Amino acid sequence: EVSDELSEAQRKLRELKGHISTQSKKNFLLERDVRYLDSRIALLIQNRMAADEVKELSSHLEDINQATNDYYPDGERTQLYGNLFFLLQNEPRHIASLTRLVTLGEIDTLLQTVMFTLYGNQYESREEHLLLTMFQLVLAAQFETTQEFSNLLRQNTPVSRMMNTYTSRGPGQVYLKNVISGEIARVIENRDLNLEINPLKVYEELRQERMDRGQSVDDFPQGVSTEEATNNPLVRAAIEPRVAELT
């Protein structure tokens with residue numbers, strides 16, 4: 001009897017995981033459509049949208065719940081496609097290279113295919129490992145080519161979009177809640193806590209504080225670079241305890 005109950009519980013768990021994976025994909029598609037609508041509405045407000053663009057907008061959104069008449073290739077092509085996707089799934093370096101080649105306008109479609117189809121089984125450890133390996137390769141390449149590390153994950157880049165899409169999946173949301181919910185609550189409770197670690201912003205804070213106290217700002221000239229602000233000993237002294245607080 002205990003064995004039967006355990007089997008039933010495992011079956012229900014698998015069903016719930018499947019529902020979560022399906023709903024995550026639907027949510028992603030809806031978020032993508034909302035971003036598209038936002039951009040087109042902005043143009044419409046500015047009277048820049050032509051009549052043909054209005055028609056294109058109305059036909060753009062796809063009904064994700066409606067079945068479509070898909071084309072199915074013959075057996076030989078199906079085998080070839082199967083081999084291709086098997087290779088792409090098991091060799092994440094190919095997808096990692098592709099993410100660096102697509103434009104921001106194309107990245108959402110690629111992420112939809114990769115995270116919700118190619119690695120769509122969100123609770124299967126093998127697929128999750130391969131997906132995270134792909135992330136590691138993309139991040140490593142980004143670190144090698146970036147010129148400004150302080151803004152590496154703040155800009156609207158394929159990497160930041162990847163991180164956003166990954167954390168919108170079931171496991172990603174659970175991880176975020178477990179890791180940062182307590183810290184966010186602590187920050188909200190302590191309203192006077194200053195955790196700004198951007199060197200330029202900290203530099204301006206210190207400069208403004210001196211000006212408010214009527215002190216000289218000769219050693220705090222305006223228009224400094226990020227590197228100059230980072231090398232300022234007072235800026236570093238202000239940032240160090242904030243970094244310790246964040247970690």
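Everything numeric in this text was worked out from a predicted model, so none of it was measured. Starting from 1, each residue takes its place in the sequence as its number. Atoms considered below: every heavy atom in the structure, side chains included; atoms not considered: hydrogens, waters and symmetry mates.
Interatomic distance, CG of Leu130 versus CG of Leu88, reported as 11.5 Å (0.5 Å rounding). Interatomic distance, Leu110 CG to Leu101 CG, rounded to the nearest 0.5 Å: 10.0 Å. Considering CG of Leu132 and OG of Ser125, their distance stands at 11.0 Å, rounded to 0.5 Å. Note that CD of Gln89 is 11.5 Å distant from CG of Leu84, once rounded to the nearest 0.5 Å. If you take CG on Leu111 and OG1 on Thr117, they are separated by 11.5 Å, rounding to the nearest 0.5 Å. Going from atom CG of Asn194 over to atom CD of Glu245 covers 11.0 Å, rounded to the nearest 0.5 Å.
Judged by distance alone, the side chain of Glu196 and the main-chain N or O of Asn198 form a donor-acceptor pair under 3.5 Å. In this structure, the side chain of Asn164 does not engage the main chain of Ser160 through any donor-acceptor pair within 3.5 Å.
The two residues Ile107 and Thr99 make their nearest non-hydrogen contact at CD1-O, 4.4 Å. Closest of all the heavy-atom pairs between Leu137 and Arg100 is O-NH1, 4.3 Å.
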Arg236 and Val202: side-chain contact (heavy atoms from CB on, under 4.5 Å), yes or no, with the steps? CA-CA 9 Å; Arg236 284 186 292 182; Val202 174; over 6 Å; no
Given side-chain contact (heavy atoms from CB on, under 4.5 Å), test Met163 with Phe135 step by step and report yes or no. CA-CA 9 Å; Met163 300 290 286; Phe135 266 77; 3.7 Å; yes
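Between Met211 and Arg207, some side-chain heavy-atom pair lies under the 4.5 Å cut-off. With a 4.5 Å cut-off on side-chain heavy atoms, Leu131 and Tyr166 count as touching. Arg213 places a side-chain heavy atom less than 4.5 Å from the side chain of Arg210. Residues Thr133 and Glu91 fail the side-chain proximity criterion, which asks for heavy atoms closer than 4.5 Å. With a 4.5 Å cut-off on side-chain heavy atoms, Thr230 and Val235 do not count as touching. Side chains of Tyr203 and Leu234 form no contact here, defined as non-hydrogen atoms less than 4.5 Å apart. Considering only heavy atoms from C-beta on, Met134 comes within 4.5 Å of Met162 through its side chain. When side chains are defined from C-beta on, Val224 counts as touching Leu200, because their heavy atoms get closer than 4.5 Å.
A donor and an acceptor atom, one from each side chain of Asp212 and Gln208, are located under 3.5 Å apart.
The local environment of NE2 in His94 is crowded, with over 12 non-hydrogen atoms from other residues, nucleotides or ligands closer than 6.0 Å. By the neighbour-count criterion of 12 heavy atoms within 6.0 Å, atom CD of Glu228 is densely surrounded, having more than that number from other residues, nucleotides or ligands.
The pair Glu106-Arg161 does not count as a salt bridge, with every side-chain nitrogen at least 4.0 angstrom from each carboxylate oxygen. Checked for salt-bridge contact, Glu183 and Arg186 meet the test: a charged N lies under 4.0 Å from a carboxylate O.
Under the rule for a side chain to side chain contact (heavy atoms under 4.5 Å, CB included), Gln136 has no partner lying at least two apart in sequence or in another chain. Glu15 is linked by a side chain to side chain contact (heavy atoms under 4.5 Å, CB included) to Arg11, counting only residues two or more places apart in sequence or in another chain.
One hydrophobic cluster holds both Leu176 and Val179 under the rule that ILVMFWY side chains link at heavy-atom gaps under 4.5 Å.
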